[in-house]
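These notes concern the structure reproduced below.
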Amino acid sequence: MADDALETYLNDHLAGSVSAIQMLERAAEDHAGSPLGPRLAELLSAIRAEQEELRSLIRRLGYSESSVKKAGAWLAQHASRLKVGASAERDLDRFELFEALSLGIQGKLKLWRALRVVAAKHPQLAGVDFPRLERQSLEQHDLVESWRIEAAQAAL
């Protein structure tokens with residue numbers, strides 16, 4: 001039963017990472033010619049690497065990736081584009097993007113913390129540097145939060 005819960009939990013976070021990557025891909029493309037573009041691309045690269053770590057953990061635990069959850073994340077992200085893309089307020093779009101990313105990174109931090117505390121129950125998690133992953137999440141959150149606050153000043 002606990003293994004089923006862990007598999008579900010990991011797949012929920014994998015689906016979240018799919019959404020985050022799609023948002024960042026779009027944002028990096030939209031801001032390619034601005035000073036923010038390279039910073040978004042750098043964050044995108046880091047989140048892709050962490051997604052691969054999560055996929056590796058799923059495999060190490062003998063679980064499979066949920067294609068249904070990933071498809072749901074894809075659909076949700078594309079549906080959100082309709083709302084965000086329809087807005088004439090580019091500043092509001094940017095603010096909402098950074099807010100969603102900030103919340104998602106907080107969720108990722110909570111994932112790494114939860115896995116750290118249950119790692120003793122799952123020998124396959126031995127050797128995973130959860131403190132490093134937590135630090136990365138905190139640094140990413142602080143960066144995105146600074147962008148979010150700046151965007152709030154412009155949008156609201």
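Just so you know, these numbers use all the heavy atoms, side chains as well, and skip hydrogens, waters and symmetry mates. Being a predicted model, the structure only gives us computed values, none of them experimental.
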- request: Apply the test side-chain contact (heavy atoms from CB on, under 4.5 Å) to residues F130 and V117: give CA-CA distance (whole Å), side-chain angles for both, the deciding distance (0.1 Å), then the verdict.
  value: CA-CA 10 Å; F130 291 116; V117 300; over 6 Å; no
- request: May I have the step-by-step check of side-chain contact (heavy atoms from CB on, under 4.5 Å) for V18 and Q51, ending in yes or no?
  value: CA-CA 8 Å; V18 168; Q51 182 191 61; 3.7 Å; yes
- request: Under the side chain to side chain donor-acceptor pair (under 3.5 Å) rule, what do R26 and Q22 come out as? Steps first, then yes or no, please.
  value: CA-CA 6 Å; R26 184 170 142 223; Q22 289 173 348; over 6 Å; no
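Applying the under-4.5 Å side-chain rule to Ile, Leu, Val, Met, Phe, Trp and Tyr, the cluster around L109 extends to L138.
For the residue pair A152 and F95, the shortest heavy atom distance occurs at CB-CE1, 3.4 Å. Taking each heavy atom of L57 and V128 in turn, the nearest pair found is CD2-CG2, 3.5 Å. Of all heavy-atom pairs spanning Q140 and A46, the tightest one is NE2-CB, 3.6 Å. Across every non-hydrogen atom of S64 and E7, the tightest pair is N-OE2, 3.4 Å. Scanning all heavy atoms of the two residues, the minimum distance from S102 to H141 falls at OG-NE2, 3.0 Å. A pairwise comparison of heavy atoms in A154 and D91 identifies O-OD2, 3.6 Å as the closest pair.
Going from atom CD of E53 over to atom CZ of R132 covers 4.5 Å, rounded to the nearest 0.5 Å. To the nearest 0.5 Å, the span separating OG on S137 from CZ on R113 amounts to 9.0 Å. Distance check: E25 CD to L40 CG gives 12.0 Å after rounding to the nearest 0.5 Å. In this structure, CG on L54 lies 8.5 Å from NE2 on H13, to the nearest 0.5 angstrom. Residue L125 holds its CG atom at 5.0 Å from CG of L61, rounded to the nearest 0.5 Å. Residue D12 holds its CG atom at 11.0 Å from OG of S17, rounded to the nearest 0.5 Å.
Cluster annotation: W112 and Y63 are assigned to the same hydrophobic cluster (Ile/Leu/Val/Met/Phe/Trp/Tyr, side-chain heavy-atom contacts under 4.5 Å, transitive). Hydrophobic clustering (side-chain heavy atoms under 4.5 Å, transitive across Ile, Leu, Val, Met, Phe, Trp, Tyr) groups Y9 together with I58. L143 and I105 end up in the same hydrophobic cluster when Ile, Leu, Val, Met, Phe, Trp and Tyr side chains are linked at under 4.5 Å. The hydrophobic clustering, which links ILVMFWY residues whose side-chain heavy atoms are closer than 4.5 Å, places I21 and L36 together. Cluster annotation: L44 and F98 are assigned to the same hydrophobic cluster (Ile/Leu/Val/Met/Phe/Trp/Tyr, side-chain heavy-atom contacts under 4.5 Å, transitive).
Residues L111 and L133 have side chains not in contact (no heavy-atom distance under 4.5 Å, counting atoms from C-beta outward). Side-chain contact check for P131 versus R135: some heavy-atom pair is nearer than 4.5 Å. Contact check for L97 versus L101: side-chain heavy atoms found under the 4.5 Å cut-off.
Sorted by first and then second residue, the side chain to side chain donor-acceptor pair (under 3.5 Å) pairs involving residues 29-44 (not counting sequence neighbours) form an empty list. Listed by first and then second residue, the salt bridge (Lys or Arg N to Asp or Glu O under 4.0 Å) pairs involving residues 137-147 are E145-R148 (not counting sequence neighbours).
With respect to R90 and D93, no salt bridge is recorded, no charged nitrogen being found less than 4.0 Å from a carboxylate O. The pair E150-R94 does not meet the salt-bridge criterion, since no charged nitrogen lies less than 4.0 angstrom from a carboxylate oxygen. By the 4.0 Å N-to-carboxylate-O rule, E52 lies close enough to R59 to be salt-bridged with it.
Screening Q136, E134, E50 for a side chain to side chain donor-acceptor pair (under 3.5 Å) involving K108 leaves a single residue, E50.
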